[in-house]
Amino acid sequence: MKIEQNENKSLPVIHILGLGAGDLSQLPLGVYRTLLQREHLYLRTSKHPVVAELEKEGVYYQSFDDWYEAGSSFQQVYESIVEELKKALFSYGTIYYAVPGHPMTAEATVQLLLEEERLGRLEVKIEGGQSFLDPMFAALGIDPNDGFQLLDATALPGTDVQMTQHLIISQIYDKMTASEVKLTLMEKYPDEYEVTLVTAAGTSEEKQRRLPLFELDRKMNVDNLTALYVPPVSEESLLYHEFSTLRGVIAKLRAPDGCPWDRKQTHQSLKRYLLEETHEVLAAIDEKQEHHLQEELGDVLLQVLLHAQISEEEGFFTIEDVIKTLTEKMIRRHPHVFGTAEAESEEQVNANWETIKQKEKADTEKERSLLEDIPASMPALMQAYELQKKAGSVGFDWGEDAPMWKKMQEELAEWLYEVKHGSMESMKKEFGDLLFVLVNLGRFHKLYPEESLHMTNHKFRKRFLYIEEALREQGTSPHETTLEEMDVLWEEAKSKTKGEALHED
């Protein structure tokens, strides 16, 4: 591989040779001759079938095997190897570097050297070698054209795994690496899922071992010639946790031969369900039942996917567009995480958030109201809180609570006057003013009104249920009981719930 160079400047050259996937008989003749004739030969590892035979031919080399013991991670080892190669390169002008398999297959050091070439610091020449993939495909009897993934065991995020494709995982050097791979895969596959370990594919020493996934790191030997094969999943139920499966289910429900109810839905008709499911999530949170919360969050996700599917059918946007927009927004509005900004407190984060939002909207055709983002359809108590918070963000707010208490007394007096002398409309107006001041007082003390009232509603519900149950045991009901009798049971309910939880006091 070459880059454009200044004619007056000669770059040092590193020749990268592939040792192939097997023994010496599989090594290309040109690579073999180069290995025999060249000085300044470096090997990433000497643990390869070809190397022992090269030693018999008198080939002298320097390997980096010991470096793996000193490094804290594979990435650090690879970077250290490249730095050492660069030192040798600038000392000798030309060096040779041999790696297992093909240089362009699963070789992190080669990629680092190619980056150095792109920066104009050296020249890289790739010179042959068979990768381990061809003998792996032959050994396993699989066609990569059916769908194939090659992943690195030393950097294996589970999100990269496509369960419907043939999966080969390289770089399983030892049991620790095998254990990490096992744990990652068991987050997606069943513990008993059958996988195959292939060692020295394509050589006379080739070995295959089929075993359940959970045994991957047990009573077995692995080395740098070992790779793991995970066959594609064919059983549909094993893919139920995959987002693509869920999306396919929703599309099927909306298809012409799908469910009549789902096909009938529109953005408007689904509004009530989104609201209902949201409240059920809140209830599950208050119940502190994780399994129930998991189910209810799924119901909210169903609503999101239904809306996205409807819009996709109408040609407006897809669920990928929704995810892309959200991802961009989260990165853009968190420069203290994804950029260089700093935010040491929640208040700083909120201030940055609002500043970024205003910048995003600065290019609109007309100047927008600060309150425009607060939906008129939001529940009134929540809306009051958000309106006050927005106004407070630009200084339209009391800095202490004393004026708020005075204002509450004024509004209470005005409401009481309207109760005695006013109309229903005037009473509603003054009662609303009183609630608005109470919301402001709570906000000053960092209390969220919807949450506070929800806690009180929950407390009232539980205590009243106690009254109903107690009366039922007495053979009566609230309809047949006096207020005084129910009050006694109310006090019993209060005493029984003392100390259960903070919101039950």
- Between Tyr68 and Tyr78, what is the ring plane arrangement, given parallel below 30°, perpendicular above 60°, and tilted in between? perpendicular

Using a strict 4.0 Å threshold on nitrogen-to-oxygen distance, state whether [X] and [Y] make a salt bridge.
{"X": "Arg247", "Y": "Glu320", "answer": "yes"}
{"X": "Glu117", "Y": "Arg121", "answer": "no"}
{"X": "Asp217", "Y": "Lys182", "answer": "yes"}
{"X": "Arg443", "Y": "Asp397", "answer": "yes"}

- So, do Tyr448 and Tyr385 have ring centers that fall under 6.0 Å from each other?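 Close enough - the centres of the two rings lie under 6.0 Å apart.
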
- Write down the atom of Gly20, the atom of His48, and the distance for their closest heavy-atom approach. O-NE2, 2.8 Å

- Taking atom NE2 of His445 as the centre, report whether more than 12 heavy atoms of other residues, nucleotides or ligands fall under 6.0 Å from it.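 Correct, the count exceeds 12.
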
- Message: Quick check on Glu236: does its CD atom have over 12 non-hydrogen neighbours (other residues, nucleotides or ligands) under 6.0 Å away?
- Response: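 No, because the 6.0 Å sphere around CD of Glu236 holds 12 heavy atoms or fewer from other groups.
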
- Query: Pairs in or reaching into residues 105-159: which pass ring-ring contact (aromatic ring centres under 6.0 Å, His included), with residues at least two apart or in two chains?
  - Reply: Phe137-Phe148

- Message: Please list all pairs meeting ring-ring contact (aromatic ring centres under 6.0 Å, His included) that have one or both residues in residues 298-327, counting only residues at least two apart or in different chains.
- Response: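 As it turns out, the ring-ring contact (aromatic ring centres under 6.0 Å, His included) pairs with a partner in residues 298-327, which skip direct neighbours, are His267-His307.
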
- Message: Does either side chain, that of Glu235 or that of Ser237, offer a donor lying less than 3.5 Å from an acceptor on the other one?
- Response: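 Yes.
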
